[in-house]
Amino acid sequence: MSINLSTALSGISAANERLRASSSAAPSPSAPLKTRDDATAIQSAAAAQRIPPVDEATVIIEQQSATYAFVANLRVLQTQLRGGGAMLDIHA
């Protein structure tokens, strides 16, 4: 008897990738802007490269959604493993 776990594992992998992608899109607070000229320079560089501004609320929502998807797929995996264990106990 084989237990098909690929759907749950694929979902976990996809949710992990979404979380990684959204965290890399989030603005980095590592270097605070000291002057208004710094902020203007960053905005001009982004406009020149046509980088769309990142909305922090959208990033947070995407991270929460990816986290919920990860947990949901993990629960599916746990249920499949428990069900497989119960089947083995019945046949033993």
Side-chain angles (χ1 to χ4, degrees):
M1 174 193 315
S2 71
I3 301 172
N4 188 2
L5 304 176
S6 63
T7 303
L9 293 174
S10 295
I12 289 171
S13 177
N16 188 34
E17 184 62 26
R18 282 178 52 201
L19 186 58
R20 188 200 60 77
S22 68
S23 66
S24 67
S28 174
S30 61
L33 301 176
K34 295 184 172 99
T35 66
R36 190 176 199 117
D37 293 334
D38 290 342
T40 305
I42 290 173
Q43 288 173 350
S44 330
Q49 295 176 358
R50 296 189 179 157
I51 299 172
V54 177
D55 182 26
E56 290 181 27
T58 304
V59 171
I60 291 169
I61 290 169
E62 178 62 25
Q63 288 178 350
Q64 286 179 340
S65 174
T67 302
Y68 293 146
F70 186 91
V71 170
N73 282 293
L74 187 60
R75 299 280 188 222
V76 169
L77 182 62
Q78 288 173 336
T79 302
Q80 287 178 334
L81 291 173
R82 275 193 215 121
M87 292 295 284
L88 291 174
D89 289 343
I90 290 171
H91 289 296

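This one's a predicted model, so the numbers in the text were calculated from it and none came from an experiment.
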Please check this pair: side chain of S65 against backbone of I61, looking for a donor-acceptor N/O pair closer than 3.5 Å. no
I'd like to know if the side chain of S22 reaches the main chain of R18, judged simply by a donor and an acceptor atom lying under 3.5 Å from each other, with no hydrogens or angles considered. yes
In terms of hydrophobic clustering (I, L, V, M, F, W, Y; side-chain heavy atoms under 4.5 Å; direct or indirect links), are L19 and I60 co-clustered? no
Could you see if Y68 belongs to whatever hydrophobic cluster contains L9? Use Ile, Leu, Val, Met, Phe, Trp, Tyr and a side-chain cutoff under 4.5 Å. no
Per the side-chain contact (heavy atoms from CB on, under 4.5 Å) rule, which among V71, L77, V76, T7 passes with I12? L77
Scanning both residues in full, the closest heavy-atom pair of A15 with A66 reads CB-O, 3.5 Å
Which atoms form the tightest heavy-atom contact between Q80 and A8, and what is the distance? OE1-CB, 4.0 Å
Distance col, row E62:CD vs Q64:CD, nearest 0.5 angstrom, shows 10.5 Å
